[in-house]
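Beneath this line is the structure, given in structure tokens, with notes to follow.
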Amino acid sequence: MGTALVTGASAGLGLEFAWQLATARHDVVLVARDEGRLTRLAAQLEAAAGIRAEVLAADLTDRADVERVAARLRDDERPVGLLVNNAGMGLNQPFVDGDVAAEERALDLMVRAPMVLSHAAAGAMKRRGRGAILNVGSVAGLTASGTYSAHKAWVRVFTEALAVELKGTGVTATVVAPGFTHTEFHERGRIDTAHYPSVAWLDAEDVVAGALADVRRGVVLSTPSLRYKAVSTILKLVPRSAVRTFSGYRRALADDAPDVPTVDA
Ligand code: NAP
């Protein structure tokens, strides 16, 4: 896969992607807003794994910043063999009474940026006849829990369509759909996780290892852990009315607690 570019590499799953890819001897390009964190990580990765780590600080809600990352992906002098569209956030608000500018930022980060970066990467990889794109979705993409579910459903369908279009080109597209995973996600989004059972939680290490194994095998839909494979199967089999009832029940739980959003995972 050669060099890997990881968005959201300063924390959580992205940080874990960076470590596992570096340990597997891939050079990495680290993208996120927090340049200090990325620079410290790059030094640690280079020292521990003997690879080259490049820092590309960017706010992926900013069109000019997204274009800088896209230009890096199109650079044939320094080919990127794996793009991991991972950066994301939880929105701590209901849609109707919430701030629509915040909704636009979330859409830009979790839909527009992966779309533009996938376009840049897929074009360059297709020319070279090899490469892989890994998009981070969520099991929430199968539920009806706020616009976050809609963004992650888009990521899933988009990735499947990309996989169809790229068939036979040597380039693969994979979407990984984690369940609740211990990262900074819930704390940053001020999401109360008190009512989540401990059995629901996954470790970032296992999620990332599962996703990268599926990328290497060319799997399109990746769901790490047996628990969430079962949850996903149930969500696909039951009537959508039942999924909406479940999503509404979770929303009611959220409404009972202060500062708890309707979206998570
Ligand atoms: P996290 O620990 O909060 O990390 C989020 C990463 O995204 C950080 O590196 C952050 O870096 C970056 N980011 C946020 N806003 C950004 C922006 N505007 N521009 C560039 N980078 C930005 O969350 P995580 O759990 O690892 O989330 C990673 C992905 O997994 C997301 O797509 C999320 O939706 C998905 N996911 C998470 C869970 C879960 O339970 N944790 C479950 C399913 C799916 P900076 O702040 O430095 O920019």
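Along the sequence shown, residues are numbered consecutively beginning with 1. Atoms within each ligand, like the ligands themselves, are counted from 1 in listed order.
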Decide yes or no for L162 and S118: does some side-chain heavy atom of the first lie under 4.5 Å from some side-chain heavy atom of the second?
yes

With a 4.0 Å cut-off on heavy atoms, is E16 in contact with ligand 1?
no

So which bit of R105 gets within less than 4.0 Å of ligand 1, heavy atoms only: side chain, backbone, both or neither?
neither

Element-labelled atoms of ligand 1 that are located less than 4.0 Å from some non-hydrogen atom of L13
26 (O), 30 (O)

Mind checking whether M89 has an N or O less than 3.5 Å away from an N or O of ligand 1?
no

Are any of the heavy atoms in E187 under 4.0 Å away from ligand 1?
no

Return yes or no for this condition: an N or O of R188 is under 3.5 Å from an N or O of ligand 1.
yes

Find out whether L13 and V208 are in side-chain contact, i.e. whether some heavy atom of one side chain is under 4.5 Å from a heavy atom of the other.
yes

Regarding R33 and D65, does a basic nitrogen lie under 4.0 Å from an acidic carboxylate oxygen?
no

At a non-hydrogen distance cut-off of under 4.0 Å, which region of A58 contacts ligand 1 (side chain, backbone, both, or neither)?
backbone

Ligand 1 N/O within reach of F185 N/O, cut-off under 3.5 Å
yes

Answer with yes or no whether G137 contacts ligand 1, where contact means a heavy atom under 4.0 Å from a ligand atom.
yes

Between T172 and L166, is any pair of side-chain heavy atoms under 4.5 Å apart?
no

With respect to F185, which candidate in W201, Y148, F180 satisfies the ring-ring contact (aromatic ring centres under 6.0 Å, His included) definition?
Y148

Residue portion contacting ligand 1 (non-hydrogen atoms closer than 4.0 Å) for H186
side chain

Closest heavy-atom approach to atom 32 (O) of ligand 1 among V84, V136, D65, N86 is made by N86

Should G179 be listed as contacting ligand 1, given a heavy-atom distance under 4.0 Å as the test?
yes

Closest heavy-atom approach to atom 37 (C) of ligand 1 among Y148, F17, F180 is made by Y148

Intermediate values then yes/no, side-chain hydrogen bond (donor to acceptor under 3.5 Å, both in side chains), T143 and S145:
CA-CA 6 Å; T143 71; S145 304; 3.2 Å; yes

Applying the side chain to side chain contact (heavy atoms under 4.5 Å, CB included) criterion to L60, which one of V116, V66, N85, D108 satisfies it?
V66

Is any side-chain heavy atom of R128 less than 4.5 Å from a side-chain heavy atom of D76?
yes

Measure the shortest side-chain to side-chain distance between I133 and M125 over non-hydrogen atoms and say whether it is less than 4.5 angstrom.
yes

Nitrogen or oxygen of A32 less than 3.5 angstrom from that of ligand 1
no

Backbone or side-chain N or O of P178 under 3.5 Å from ligand 1 N or O:
no

Got an N/O contact under 3.5 Å between L109 and ligand 1?
no

Counting C-beta onward and ignoring hydrogens, is there a side-chain heavy-atom pair between H26 and T3 closer than 4.5 Å?
no

Per-atom contacts, ligand 1 versus D34 - under 4.0 Å to a heavy atom:
47 (O)

Hey, which atoms in ligand 1 end up nearer than 4.0 Å to a heavy atom of G88?
5 (C), 7 (O), 14 (C), 31 (C), 32 (O)

Report yes if some heavy atom in the side chain of L221 is under 4.5 Å from a heavy atom in the side chain of E160; otherwise report no.
yes

